[in-house]
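Both counts, for ligands and for their atoms, begin at 1 and track the order of listing.
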Amino acid sequence: MTAANRQWVLAARPSGPVTREHFEWREELAPSIADGEFLIRNLWLSCDPAQRAWMEVDTYIPKLPLGEVMLSGSAGEVVESKHPDFAPGELVSGVFGWQDYAVSDGAAGIFPVNKVPPGIDLPTALSLLGVTGITAHIGLLEIGQPQSSDTIVVSGAAGSVGSFVVQIAKLKGLRVVAIAGGPAKCDWLTSELGADAAIDYKDEDVEARIGELCPDGVGVFFDNVGGEILDAVLEHIAIGARIVLCGAISGYNDFERRPGIRNHYRLIIRRATMRGFLVFDHMDRVPEAIGDLATWAAEGKLRSQVDVVEGLENAPDALNRLFTGQNLGKQLVKIADASRG
Ligand SMILES: NC(=O)c1ccc[n+]([C@@H]2O[C@H](COP(=O)([O-])OP(=O)(O)OC[C@H]3O[C@@H](n4cnc5c(N)ncnc54)[C@H](OP(=O)(O)O)[C@@H]3O)[C@@H](O)[C@H]2O)c1
């Protein structure tokens, strides 16, 4: 393979918002493969808030070493193979990084290498049927244990995981209060996704609005944001509430000074449960989750909103959109079309 392999490598650790200066652009030849390996041409990148954490701190994986290709979920096509189970032309998803070409032996990294089933486009493989949709399904239904009588509050509701949680909660008959930044996102959540109410956290007093909108208390809180929003919702939880800690994006750009929780005593008063979870610990539930998500989408009950930035060269800016709230639904980067069309 003599094609050029364009890459973004981690050049500096951020201590605030991510900029292009934290990366270095490199171009080298596409790698060659050994027996048992295959070469992937990356076509789409997934943008995930966790990438910001991987750049700076140890999480469920050690922080990414400086000089290494930026880690990223992605999807692409197999272009060469010396592996018995992967053939040229097959579409796969995995963690292949911010680069045109990656070598894999098919073993699981942070997330397994999966073949994309025929008829599924790559944006869908990275959103509805990828980590995002699966996280929403397992986080809500397994960790949140919702009852149809519950009112659920969802933060980060117009984002990727959040927009699926809102819709699945409606499918299950819950009353949904969505929290997002700005009137356009709030309108979208109520008029397009079926949320019963939306709170613009950039313009409204979240704690007061939760109190008005949830007079019987919040039965389930699906939290993507943490910080002040978590505190505001804790003030209004119902007895026996389940708080699903999916993410805490409000603190990812400032790990040193992220705020603490003031209202945790409400967990005691309300005999509530607050549980962090990682989707990777629930791989046994993935087939069920994918089955449900695909069925609901086919029935027109679940829509997948994707937000696309074009070009590998724009990957740093695309990642930053998650932190400025520019994305609606799943943020993706399109690198190229598949050669098979
Ligand atoms: N536990 C797991 O296994 C797991 C798996 C996947 C993702 N996650 C977590 O789930 C959360 C959502 O991930 P995603 O991929 O779906 O991202 P996303 O919600 O599509 O994008 C992030 C959104 O967060 C909001 N946001 C950014 N900074 C904020 C702040 N300071 N305060 C309030 N809202 C802020 C923005 O929306 P607004 O315009 O509304 O501000 C932005 O659109 C993240 O915290 C992520 O780490 C967890």
Fill in: side-chain contact (heavy atoms from CB on, under 4.5 Å) between Glu228 and Glu207, worked out
CA-CA 9 Å; Glu228 290 176 7; Glu207 190 177 313; over 6 Å; no
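The cationic group of Lys82 does not satisfy the cation-pi geometry with Phe38, failing either the under 6.0 Å distance to the six-membered ring centre or the 45° limit from the ring axis.
Within 4.0 Å of ligand 1, protein heavy atoms come from Pro49, Thr135, Gly159, Ser160, Val161, Ala180, Gly181, Lys185, Tyr201, Asn224, Val225, Cys246, Gly247, Ala248, Ile249, Ser250, Tyr252, Phe277, Leu278, Val279, Leu322, Phe323, Gly325, Asn327, Gly329.
The list of side chain to side chain donor-acceptor pair (under 3.5 Å) pairs with a residue in residues 230-239, not counting sequence neighbours, reads Glu235-Asn263.
Look at Glu77 and Arg41 and you find a salt bridge, because one of the NZ, NE, NH1 or NH2 atoms lies within 4.0 Å of a carboxylate O, short of that distance. Electrostatic pairing of Glu90 and Lys115 counts as a salt bridge here, judged by a charged N lying under 4.0 Å from a carboxylate O.
No donor-acceptor pair closer than 3.5 Å links the side chain of Gln7 to the backbone N or O of Arg26.
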